[in-house]
Trainee: 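There's a structure below that I have some questions on.
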Number of protein chains: 2
Amino acid sequence: MKNVTINDVAHEANVSKSTVSHYLNGHFTKMGPDTRDRIARAVRNLDYSPNHIAKSLKNKRTMTIGVIVANILHNFSTRVIRSIEDFAHGHGYHVIVCNTDNSPEKEADYIRMLLAKQVDGLVVIPTAQNGALFTELAEKDYPVVFVDRYIENVPIQSHMLDNGASVRTAFEHLSERGHREIGFLTEPVEGIVARQERYAAYRGLCASYGIRPLPIQVEKEGMVSSLEQLADQGGLPASLIVANDLALFELLKMAKQRVILIPDDLSIISIDDIEFADFFNPGITVIAQPAVEIGTAAVSALFEMMNNSKNTSGIERFQPYLIERESVKQYEDQ
Amino acid sequence: MKNVTINDVAHEANVSKSTVSHYLNGHFTKMGPDTRDRIARAVRNLDYSPNHIAKSLKNKRTMTIGVIVANILHNFSTRVIRSIEDFAHGHGYHVIVCNTDNSPEKEADYIRMLLAKQVDGLVVIPTAQNGALFTELAEKDYPVVFVDRYIENVPIQSHMLDNGASVRTAFEHLSERGHREIGFLTEPVEGIVARQERYAAYRGLCASYGIRPLPIQVEKEGMVSSLEQLADQGGLPASLIVANDLALFELLKMAKQRVILIPDDLSIISIDDIEFADFFNPGITVIAQPAVEIGTAAVSALFEMMNNSKNTSGIERFQPYLIERESVKQYEDQ
DNA sequence: TTGTAGGCGTTATCAC
DNA sequence: GTGATAACGCCTACAA
């Protein structure tokens, strides 16, 4: 299976490579219709298709972008990737997907490899530890955008949920329905901006509402058993804001184990919509984030940078929205 | 940001490109330790990193594979992709992800573009309509493997669930628990092998068990309302084998709408495990498929082909397993 | 309108 | 041990 090249076509059509190249790039304008036909026929006969790698070497554009996420298995990441791929495909680009599992080493490794592969740009859900590397990229105006997180003092544009607003919306919803005992369930916030922002917003709201903060901060592994312990000791608050879908899963597992009734024993409001929230029993009230919109805005910004060869920075916030279902109890006396 | 090349390094170190190239490829064996040091220093000073595209052009290996799925949003696809990416990364490869939405045109388009980009191999969940194209690839011994589906008479190796076994397991489970009214809910099977196999298995089992077949075959869009109609007319069987997770979602939505109690009014057993099946109320009994194993086996076979430059064909089946939860009623008199 | 030649950044062959 | 030099497949001035 020897690959047929532009040379073979040229030979077959009795013209030079350059003429074929012109033909391929649509510069028909000044070209004998006869030669054009001959080339067309040759291309068809030989089933020729241009080698993109050679083209890339010449043009310095690979028509490929890299997408680096923590884990494609996360619902949010999947949706973001899908929207990015759609956009990219619409512009003739391909997407290389990478999972870091939140490991900075893996992340740095991927970045280097993708750069070596000359990808034209990068969309990243960054870990917290590669600030220097990212800054370097930004300073070279290498196209990069962040999604869902940002890194302090790194001049790279980020597209993310307004995390403060999401917690506030949740908190207010609970408060309006008469709740005064509002906990907050999260995985450890250390090093993850989105979690930190949500947690900070929670603490701030507690302060301004004069409500005692009841944060529960545990690793996903062991979250079920920690929660079970809490439940057994009666240490669970009447309502819980859940910081993300993974934590929600664990909470729901525990609730099932311990036969905790939602919303009667425990009200739940969760950040980020998940597929089953709708038909779960009870339906889970949720603060949804527009993942597709976020992903699309991010690539879109990336493409702009790729075209202008000039990076921009700043954080673009997206507004969450409440989807009210049945997991929050309404206190009558309210 | 002019890219630094091997030439710059050679210049900086006062040696020739070839020597640098040798150094870079670990051919230190016969190389003065002094020159080696000089090159090492030059590389560091210039922050040089080799251009993979140029290398690819020369080597004819891009260290990249393409993965074409119907939709990355499907749980199964996500898990397969993740396992492929893990394997690929472990071997220094990258993965380009493409969504066809089951459109043969999009699929053919992607294949052509990926080939033009010289990816070293392809993992595909194929649509039914590009048999000729795939056959052509196979005949050129271009590395391709299928996942989850196959195409009749196309000599490409496929890794997929034993669909017959999955339905049989479900059917037997229902039967053992005293069910004699067993329906089958699926999206239209036309053109999708996995669905056809499951459906065929269902019909076969009905025949051999002497049970009247009650297939429900509807598009996902409108499935809820179709099911609601059925329910309103009392046309729902006592138990239902659900062909995949998407259909399950729709069914569960309907059940919630119409307040149909599971398993008392309706027993459910679904093919393919989903995250929430475990803590749903009631827990959904499920026939799980080993997505990660399937994905890993597929890439693994692909890499073998890439190394041997020789394709293999045949279908490799993976065994499903029952995860018993609470969505199937046990008839007492059994 | 068509062709020639050089270069994109590597690697590989073969001298020295 | 090290260094020219020729590919790899394509694009693009510049000539003709």
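Residue numbering restarts at 1 for every chain, and letters A, B, ... go by the order of the sequence lines. Computed over heavy atoms, backbone and side chain alike; hydrogens, waters and symmetry mates excluded. Note that this is a predicted model, so its numbers are computed, not measured.
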Trainee: With sugar-phosphate meaning primed atoms plus P, OP1 and OP2, does A:T35 contact a base, only sugar-phosphate, or nothing at under 4.0 Å between heavy atoms?
Mentor: sugar-phosphate

Trainee: Taking only N and O in the side chain of A:S18, is any of them less than 4.0 Å away from OP1 or OP2 of C:dT4?
Mentor: no

Trainee: Quick one: ring-ring contact (aromatic ring centres under 6.0 Å, His included) pairs with a partner in residues 49-83 of chain B, sequence neighbours left out?
Mentor: none

Trainee: For nucleotides 14-16 of chain C, list the nitrogen or oxygen atoms of the protein found under 3.5 Å from its nitrogen or oxygen atoms, one pair per line.
Mentor:
none

Trainee: Listing request: all side chain to side chain donor-acceptor pair (under 3.5 Å) pairs with a residue in residues 119-136 of chain B, at least two apart in sequence or in separate chains.
Mentor: B:T62-B:D120, B:E107-B:T127, B:E107-B:N130

Trainee: Is it true that the side chains of B:T312 and B:Q157 contain a donor and an acceptor less than 3.5 Å apart?
Mentor: yes

Trainee: Sorted by first residue and then second, give each salt bridge (Lys or Arg N to Asp or Glu O under 4.0 Å) pair with at least one member in residues 82-92 of chain B; sequence neighbours left out.
Mentor: A:D101-B:R82, B:R82-B:D86

Trainee: Mind checking side chain to side chain donor-acceptor pair (under 3.5 Å) for A:R317 and listing every partner two or more places apart, or none if nothing turns up?
Mentor: A:E197

Trainee: Tell me, please, which residues at least two apart from B:A10 pass side chain to side chain contact (heavy atoms under 4.5 Å, CB included).
Mentor: B:V20

Trainee: Given atom CZ of A:F28 and atom C1' of C:dT2, what is their separation to the nearest angstrom?
Mentor: 16 Å

Trainee: Scan nucleotides 6-10 of chain D against the protein and return all N/O pairs shorter than 3.5 Å with their distances rounded to 0.1 Å.
Mentor:
unit_1 : atom_1 : unit_2 : atom_2 : d
D:dA7  : N3     : B:K58  : NZ     : 2.7
D:dC8  : O3'    : B:K60  : NZ     : 3.3
D:dG9  : OP1    : B:K60  : NZ     : 3.0
D:dC10 : OP1    : A:Y48  : OH     : 2.6
D:dC10 : OP1    : A:N51  : N      : 2.9
D:dC10 : OP2    : A:I6   : N      : 2.5
D:dC10 : N4     : A:K17  : NZ     : 2.9

Trainee: Taking side chain to side chain donor-acceptor pair (under 3.5 Å) as the test, write out the residues that go with A:E105, two or more places apart.
Mentor: A:S103

Trainee: Considering residues at least two apart in sequence or located in another chain, which fulfil the side chain to side chain donor-acceptor pair (under 3.5 Å) criterion with A:T64?
Mentor: B:K117

Trainee: Grab the CG-P distance between B:N14 and D:dA4 for me, whole Å please.
Mentor: 11 Å

Trainee: Going by the rule side chain to side chain donor-acceptor pair (under 3.5 Å), which residues pair with A:N75 if we only count those two or more places apart in sequence or in a different chain?
Mentor: A:R79

Trainee: How many Å lie between NE2 on B:H11 and P on D:dG3, as a whole number?
Mentor: 12 Å

Trainee: Tell me every residue that passes ring pair (Phe, Tyr, Trp, His ring centres under 6.0 Å) with A:F87, counting only those two or more places apart in sequence or in another chain.
Mentor: A:H91, A:F303

Trainee: For the residue pair A:F146 and A:F134, does the interplanar ring angle fall in the parallel (under 30°), tilted (30 to 60°) or perpendicular (over 60°) class?
Mentor: perpendicular

Trainee: Output the rounded distance in Å from NE2 (B:H27) to P (D:dG3).
Mentor: 17 Å

Trainee: Could you give the OH-to-P distance, from B:Y23 to D:dG1, as a whole number of Å?
Mentor: 18 Å

Trainee: Over its full length, what angle do the end axes of the helix from C:dT1-D:dA16 to C:dC16-D:dG1 make, each axis taken from five pairs and the result rounded to 10 degrees?
Mentor: 50°

Trainee: Find which nucleotide of DNA chain D each of B:P33 and A:L24 is nearest to by heavy atoms, and output the residue with the more 5' nucleotide.
Mentor: B:P33

Trainee: Whole angstrom is fine here: how far is it from CD1 in A:I39 over to P in C:dT2?
Mentor: 8 Å

